[in-house]
2 protein chains.
Amino acid sequence: MSNLTLEDIAEKAGVSRSTVSRVVNNQSNVSNKVRERVLNVIQTTNFHPNAAARTLASQRSWMIGLVLPLSVSFFFTDPYYPNLTKGIAQACNQNNYTLSFFLVGNKEDEDKMYPRISRKGFLDGVLVQSGHHGDQQVIGTMIDLKIPMVVIGRPFRADNVTYVDIDNINSSFNAVSHLVRLGRKRIATITGPNNSTVGIDRLEGYRKAITERNLPYDENLVVEGDFTEASGYYGMQKILSYKPDAVFAASDVMAIGAMRAINETKLRIPDDVAVIGFDDLPMSSLSNIQLTTVRQPVVQSGIIVVETLIDLIENGISQPRHIIMDTELIIRDTCGANRRKLA
Amino acid sequence: MSNLTLEDIAEKAGVSRSTVSRVVNNQSNVSNKVRERVLNVIQTTNFHPNAAARTLASQRSWMIGLVLPLSVSFFFTDPYYPNLTKGIAQACNQNNYTLSFFLVGNKEDEDKMYPRISRKGFLDGVLVQSGHHGDQQVIGTMIDLKIPMVVIGRPFRADNVTYVDIDNINSSFNAVSHLVRLGRKRIATITGPNNSTVGIDRLEGYRKAITERNLPYDENLVVEGDFTEASGYYGMQKILSYKPDAVFAASDVMAIGAMRAINETKLRIPDDVAVIGFDDLPMSSLSNIQLTTVRQPVVQSGIIVVETLIDLIENGISQPRHIIMDTELIIRDTCGANRRKLA
DNA sequence: ACTATTTCTGGGAGCGCTCCTAATTTTCCG
DNA sequence: CGGAAAATTAGGAGCGCTCCCAGAAATAGT
């Protein structure tokens with residue numbers, strides 16, 4: 001470990017502190033001869049500039065925070081979040097930012113964290129995962145503090161906030177329409193929580209597709225889930241008594257639960273009940289599952305979210321931006337489309 | 001947002017910078033009258049001390065890094081890691097440390113990250129998730145840098161390193177012995193990767209239990225998995241042709257894959273094939289799965305790991321410590337023990 | 001009441017960097 | 001070759017805090 005300072009390197013290289021600083025920060029006006037000499041000393045001494053000093057002097061920390069509020073941390077059951085986190089972490093690294101992690105577990109955590117997050121000179125910006133009523137407070141706090149922020153997922157009050165989301169309504173509209181086109185008449189859905197924008201929007205898309213295609217809207221075919229496998233399983237059990245011939249689950253994990261419930265009956269997928277999920281998690285394409293699903297660009301989202309935030313940080317906050325990413329319906333076996341083609 | 005400094009607060013409260021500093025850091029020698037006056041100003045102005053300045057002056061950042069090396073980030077398929085991360089994040093928060101996240105995706109990431117991690121004055125300590133050959137390099141680097149470090153999971157070269165792990169050998173020994181006691185004769189196992197200490201140790205426990213109970217060790221009943229559901233599924237398919245009457249999977253996720261494979265045959269669980277997993281993920285106790293499994297204290301591990309690291313940070317590195325946590329065999333339905341009791 | 005202690009408070013020095021300006025060196029061109 | 005312009009380098013000031021020591025105030029002791 002080196003307790004070396006710029007000054008030490010400067011001395012060893014026979015130049016001044018400022019010159020070393022310029023070399024370290026890769027600035028232009030340094031002669032090649034000197035630059036090389038300094039770089040050489042830096043290399044051999046394994047010098048790394050002190051982060052705190054740099055942050056203090058430059059008022060930039062090159063750190064961004066990822067805040068997962070209460071409502072979300074519960075969701076850690078869903079592989080969607082780890083995947084997203086992975087994308088975000090990669091993008092941060094790519095841009096030489098450090099990611100720090102604020103997993104809010106309960107009210108108490110929240111109280112301890114917010115002061116930490118809002119300390120001046122600590123974070124250059126924040127990413128907040130959102131979509132639930134409860135998250136409104138975090139978002140409000142960040143706005144008040146004027147910390148650059150990008151929200152992941154549309155929050156309930158989105159007017160003065162920059163967020164990145166997918167077009168949930170259209171995505172589920174397309175998925176359900178696909179089932180309609182395949183001739184399904186009694187299409188059920190297992191929704192996300194109805195206190196989340198995701199849950200609400202995906203249900204809205206379902207409703208739109210059903211009514212637009214003149215199918216009756218049967219409340220018995222709509223069950224609220226919470227993105228867990230279990231809620232998919234139990235939800236499907238409820239639905240099954242109403243003779244569905246298809247089900248659209250608002251997440252792959254719930255679709256897997258639903259399929260487990262279906263498989264416990266004599267019914268067959270997709271012949272008797274077609275299934276479509278949402279997310280396109282890696283496992284959905286694995287082995288014999290072959291789930292038809294809505295692919296959302298999880299890793300890509302992570303990248304966009306980070307790059308948007310960095311833009312805010314480096315160029316100042318201007319108008320709130322709303323970035324909507326495209327999704328894609330991935331047709332595999334569980335919707336029955338391939339079977340029909342073969343027939 | 002406040003661009004207030006200690007000095008500003010001092011002025012408003014009619015005291016000196018030093019006194020405000022004492023109040024902020026909750027030090028003792030301040031009269032109650034003054035303390036209250038200062039606290040009041042701090043409250044009303046919503047002042048938060050600048051983190052970088054504090055770090056620079058005190059040489060402590062109150063940040064710890066969580067490094068998930070290459071080999072592990074691939075494993076993000078397994079809910080074990082999100083759960084562990086949750087425990088770690090909570091423990092950090094509890095102790096007023098900030099957690100930053102270094103998810104190494106590839107060699108290139110690694111090269112960008114290490115300088116960042118090793119910058120002096122940036123991290124007070126590091127947590128490294130380990131257990132694979134590839135991680136040796138990260139660990140070596142941290143040792144060289146003399147950064148306080150705790151390794152999560154026994155690394156391959158563990159002599160001069162503090163790590164926290166569970167007793168993998170005994171845990172799987174107990175699980176397999178349980179199957180033996182239940183009268184199973186052809187016990188199979190789906191192992192973790194054989195380039196990981198976890199994989200190796202859990203297999204060792206299996207082997208010990210089999211041979212100690214005088215059952216033949218049949219190589220056809222041992223298949224290597226990689227902790228994914230798919231590897232459990234395919235692994236089980238291979239095993240099924242050799243007529244097993246039980247299977248011990250080195251993770252719950254693989255156990256679920258194995259059960260999926262079994263359920264596709266006429267065989268029944270636990271009557272024809274008993275199943276035991278490892279981890280006790282929440283889903284294992286859900287609904288109709290009721291997986292018998294080895295419970296490891298995931299959240300608890302997170303806490304221990306963080307507290308051990310904080311101890312190293314605050315009291316200096318002494319002898320490397322090896323902390324082994326206990327596990328517990330959770331008997332549910334898939335091992336057949338309950339069925340027998342009822343019979 | 002008047003020291004001798006103890007408790008509390010103030011301000012200087014310094015953490016290691018960036019940024020700015022001034023000094024120095026190099027380059028260019030008549 | 002000389003002087004102006006351009007390129008390069010050096011060093012001061014300051015980022016906002018902690019830590020230390022000296023000084024002031026409060027308390028105790030006789």
Side-chain angles (χ1 to χ4, degrees), chain A residues 1-39 41-42 45-63 115-116 118-124 314, chain B residues 1-39 41-42 45-63 115-116 118-124 314:
Chain A
M1 176 177 59
S2 55
N3 275 325
L4 293 170
T5 70
L6 274 193
E7 214 94 34
D8 297 328
I9 304 299
E11 195 185 351
K12 284 187 206 297
V15 295
S16 77
R17 171 168 43 87
S18 306
T19 302
V20 180
S21 173
R22 278 182 215 106
V23 172
V24 166
N25 293 296
N26 205 26
Q27 289 171 7
S28 54
N29 28 344
V30 179
S31 69
N32 286 331
K33 212 184 334 164
V34 172
R35 182 185 299 275
E36 247 170 67
R37 187 146 40 96
V38 172
L39 279 176
V41 176
I42 290 177
T45 55
N46 193 28
F47 166 76
H48 296 292
N50 180 297
R54 189 200 284 250
T55 298
L56 178 58
S58 67
Q59 305 287 23
R60 295 272 271 98
S61 68
W62 297 91
M63 290 220 305
R116 206 121 48 76
S118 60
R119 262 184 344 216
K120 261 298 304 177
F122 181 53
L123 295 175
D124 286 343
E314 298 186 349
Chain B
M1 173 178 59
S2 55
N3 275 326
L4 294 168
T5 69
L6 272 193
E7 213 93 35
D8 297 327
I9 304 300
E11 194 186 351
K12 283 187 208 295
V15 295
S16 77
R17 173 169 41 90
S18 304
T19 303
V20 180
S21 173
R22 279 184 208 104
V23 172
V24 166
N25 293 298
N26 207 24
Q27 288 172 7
S28 56
N29 28 346
V30 179
S31 69
N32 284 334
K33 210 180 341 157
V34 172
R35 184 185 298 274
E36 248 172 65
R37 188 147 39 95
V38 172
L39 279 176
V41 176
I42 290 177
T45 55
N46 193 28
F47 165 76
H48 295 292
N50 182 297
R54 190 199 282 249
T55 299
L56 179 58
S58 68
Q59 306 287 22
R60 294 272 271 99
S61 68
W62 297 91
M63 291 221 303
R116 206 121 47 75
S118 59
R119 264 189 337 223
K120 261 296 304 175
F122 182 53
L123 296 175
D124 287 344
E314 298 184 350

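So you know, we letter chains A, B, ... as the sequences are listed, proteins then strands, and number each from 1.
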### Task
Output the residues of residues 11-30 of chain A in contact with DNA chain C, where contact means a heavy atom of the residue under 4.0 Å from an atom of the strand; sort by number or write none.
A:Arg17, A:Ser18, A:Ser21, A:Asn25
### Task
For B:Ala13, check side chain to side chain contact (heavy atoms under 4.5 Å, CB included) against everything at least two apart and list the hits.
B:Val15, B:Val38, B:Val41
### Residues which pass salt bridge (Lys or Arg N to Asp or Glu O under 4.0 Å) with A:Glu7, listed by chain and number, not counting sequence neighbours
A:Arg17
### Query
If an axis is fit to five pairs at each end of the helix from C:dA1-D:dT30 to C:dG30-D:dC1, what is the angle between the two, to the nearest 10°?
40°
### Task
Report the residues that fulfil side chain to side chain donor-acceptor pair (under 3.5 Å) with B:Ser31, sequence neighbours left out, ordered by chain and then residue number.
none
### Residues in salt bridge (Lys or Arg N to Asp or Glu O under 4.0 Å) contact with A:Glu314, at least two apart in sequence or another chain
A:Arg60
### Summary
Contacts of A:Ala57 meeting side chain to side chain contact (heavy atoms under 4.5 Å, CB included) (sequence neighbours excluded), chain-then-number -> none
### Query
How would you list, by chain and number, every residue that makes a side chain to side chain donor-acceptor pair (under 3.5 Å) with A:Ser16, sequence neighbours excluded?
A:Thr19
### Query
Does a side-chain heavy-atom distance below 4.5 Å link B:Phe122 with A:Met63?
yes
### Task
Return the 5'-most residue of the pair B:Lys33, B:Asn50 with respect to DNA chain D, ranking by each residue's nearest nucleotide.
B:Asn50
### Task
Taking the side chain as every heavy atom from C-beta outward, state whether B:Asn25 and B:Arg54 have any pair of such atoms under 4.5 Å apart.
yes
#### Entry: Sequence neighbours excluded - salt bridge (charged side-chain N to carboxylate O under 4.0 Å, His left out) pairs with any residue from residues 18-37 of chain B
none
### Task
Identify, between B:Leu56 and B:Asn32, the residue whose nearest nucleotide on DNA chain C lies closer to the 5' end.
B:Asn32
### Message
Going by the rule side chain to side chain donor-acceptor pair (under 3.5 Å), which residues pair with B:Ser61 if we only count those two or more places apart in sequence or in a different chain?
### Response
B:Asp124
#### Entry: Leading and trailing nucleotides of DNA chain C with any atom under 4.0 Å from heavy atoms of chain B
C:dC8 to C:dG16
